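Reckoned from all heavy atoms, side chains included, excluding hydrogens, waters and symmetry mates. Proteins get letters first, then strands, A, B, ... in listed order; numbering begins at 1 in each. Being a predicted model, the structure only gives us computed values, none of them experimental.
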Amino acid sequence: MIKDYFLFTTTSGNRYCFHRRRGTVLWCHPLLYHAITLHRAGQSADEWFASFHGDFVHLDDKLFARSDAELAQRRFLLLRQNGFFSETSEEEAVLSLSARLSASDIETALATTPQVVFELTERCNLRCDYCYFGYHYIQSGPRSDQDLDFATAKTLLDYLVRLSPAPPGSGPSRRLAVAFFGGEPLLPFSLLQQIVGYARSVFGERARFQIVTNGLLLPERWDLLVRNDFDLLISLDGDETCDAYRRFKDGTPSYEGVIRNVRALRERHPSYFERHVSFNAILTDRGSVNSVRNFFAEEFGKSPMISTLMERNLKPGDRASWTTMVGDASADGARADAPPEAARKMLVELSMPSMARRFLSQHAPCRFGNSLDALLPQPDVRMPTGVCRPFENKVFLTARGEILPCEQIDRCHALGRVSATAVDLDFDSVAAMYNRSFDRVRATCRSCLQAFDCLQCIFNLDLKQPRIECSLAPSEEEYSGWIVEVIDYLELNGSNISEDQGI
Amino acid sequence: MSTLSVDGQKRYRVIIDSHCYLNTRGSAVLLYNSLSGRTLVSFDAPRCAELVRPWVSDKRAPILELSGQELIEDSEVRAFVEILRDELLADVVEAPPSSRAPFQFPLITGQHQISLDEAEECPPQDAVIGLSIYLTGRCGRRCGFCTTAFRQFPCCGMFDAAQDLDARHLERILKWVGGRGVSLAFFGGDVFRYPDLGVIGELLAPWPVASPTRFHAHCLNVLADIGRLEALAAWGAELAVLVPSDVPDGAVVDVREAARAARVDIRMDFILEKNEDYFRASRLEERLGLENLSFRPLYNGRNRGYFAENVFVRAEEMLANKPALRAICANAVVNRLAFGRLFISSSGDFYASPSAKPLGNIAECSLAEAASRELAGGHVWTRTRGQVEPCRDCVFQDLCPPLTGYEEVLGQNDLCHVRGAYPGKGLTIFGAPDPDSRS
């Protein structure tokens, strides 16, 4: 049995009880906290309450009025009557994680997918040291200089239109974000032009465009981007020092060329730059969170997205050089395969605002009603892991015509293929593949504390192993520690984040 | 009530419980604890309204910082805080000068504006959770309440006279919802006179996720076609049997026995127009040991008094059910009785309610499109108490059950007993005391 409620104290000394299945964060009076602590340890809180005599109660060198103790007792009983101190058996967890996908679910999700992402090319004009498609990582499929074929992209767009549930004769009524990815997607420019033109002809103003680029080819290409209001995400790691791992094939740094182009874009199209341009920076040993943030704030008045180096699929022999790039090779006593402590802290610092936002959006009582899900009766069961329903967020088409639910999933997990003339995607097979994976992973998830709040994508797990290991499954100490970190952060920043979230 | 010990030299924090809901309307403030159902309403108490205002207008964390002096000198504030504490709506602790306030989520409030934009972005068919399919207008009976009852609660009735739903349309509809767990309700007329009734089981069979399926029929129509029950049992469908007051007890007994023999699940829906109807239904419930029955109050144009006395809700009854925060929040934006439910007439027209305008016909409009049209421009799914008089100005509006079909037929909803319970001034507690939670 796993206890569903956790007690913790933040660095400020505030005490809380968190219920992992209800998502409730309950601030506790010290007397209530002590009663719940006893209860959780299998001791009798009732006996403790019954032991009070006189007008005052001593606890932790503090004196409380008897009336405070009586209120704490009533509150404890109320929580107990309402099932707050629940436990979940592994059998119950399996039942709660027993949702399955049907072919109809897959078809519906694809018919209404909000985004299609095209990998326009595998080619790139850079050879960045840390590239996920570079030499430090095990590749899950062939990768060379393949470009996407226009007919293939058109076939997928036509297919999405046919699936769309618009009434006959009225044309597609859906909105669709069309995103471009690479390699460097500005290299095959005529292909980009063709796809943009076709998507515009089919979806009209309901098509929105997005692109991720290293910025080296911007001056020759930006007219198309500006004319179509592209959301432009430029990969740049900060100033010249921070950006040192982003290099041409001959080892020359790319910084000078990129920064010149970005400045020119801002000068030429200031309004577009303000509204549509953002940056993604990879944090390495060459910079710090603050130095990267300061650079973008001073140079462009913008706040970048900051990511860390990918650890998945790292070649075992390349860990030392990867660790150097991450920033700290001196993790004394750490497991050989664990990220160094400095990297872990950096990750926490970086991810805390988004983790806190996520925590708020998942657990704030007023999240109800912010989405359709909240208005509908809640299903009793959910899918294991944090995997998305395929295509509910996007569909990704590789340059080789493979269909994937997301660009972050390895190519070996392709769900179907698109050719110049047809889409080969069998909804029954996709549903069956997911359901088989769910059946395999449930045994791991059933004993996980984070089973109902999972961040793990099922495609990141090695499902071929007899016993599936999940690197994100926390121990009780880690889980409580994570909650403490989030609530600590929210005690200081909660009201600002709530406003950002519209909560 | 326990007295709050206060030191005039210290500062205090009043921390509202995470399970609370807050609403303000005019000078009235309501705080409700969803665990206990206990509810504090302050009416015409300006200091209380002033204290809670930032929790609503600025979505501030529901924590009050008060000086001991304030608590001693301001009797209104002190009374407010003592009731909050005593009713487990809040806790009070000392707040040393350097201490950090705890983190508290903003409360759900009656002013929480929920956007349905995201719902419109979702696959619209995901919004459909129930589908009522009117198979045929054929019926040998001529019940006086037929049309009006159908507008008030789910039962057989007159919706689309004498026309049968095209079997191809039925097939199309069931393919749309197949495997999605959408609950299905089949109506007539007399559903047993639908010529393609046998097709339904075949169409439902292939789907991996069984749709909860129910057929609605008049008790005497069931009795006249009792051989159909075995088919319903084979499909795993439930039968809702409409029992008006003129149906003899013997017919109810016979249907019950036949259903038991055929192993079909039944629910007896007793129509109540007066107190005697309720007494009779209760007698039958006891005599037959009915496990599944429901009472359907019917407004017949002459029984307004019966409704006022027996049907409209009282604050204590409502709070005894301890409405959940999720339901309260949903009540603010949608009608939970209607949301996600579509009707299809036998001529193939989609409706969000039998009283509303059609959303389109199945010949030119998909289920998703019908749902999308209701989400975008319809008024049935989103008809809330916040839109109608006199609920609009009532602090209980999101706690009350959603607007019902009989209120619409009655043409008024001011028969309620909740607003009548308001005090003219001061602080009042609603909700039954929870005996086990008091030592």
* Answer yes or no: is there an ion pair linking A:D4 with A:R22, defined by an N-O contact shorter than 4.0 Å? => no
* Give, as side chain, backbone, both or neither, the part of B:A61 having an atom under 4.5 angstrom from any heavy atom of chain A. => neither
* Structure fact -> From the list B:P102, B:G360, B:S98, the residue making the most non-hydrogen contacts under 4.5 Å with chain A is B:P102
* With A:R80 as the cation and A:F85 as the aromatic partner, state whether NZ or CZ is under 6.0 Å from the six-membered ring centre and within 45° of the axis. => no
* To do: For the pair B:Y21 and B:Y32, name the ring-plane relationship: parallel under 30°, tilted 30 to 60°, perpendicular over 60°.
  => perpendicular
* Asked: What class does the angle between the rings of A:Y16 and A:F8 fall in, given that below 30° is parallel, 30 to 60° is tilted and above 60° is perpendicular?
  -> parallel
* Asked: Does any heavy atom of chain B fall under 4.5 Å from the side chain of A:F49, the backbone, both, or neither of them?
  -> neither
* Heavy-atom distances under 4.5 Å only: say whether A:F64 touches chain B with side chain, backbone, both or neither. => neither
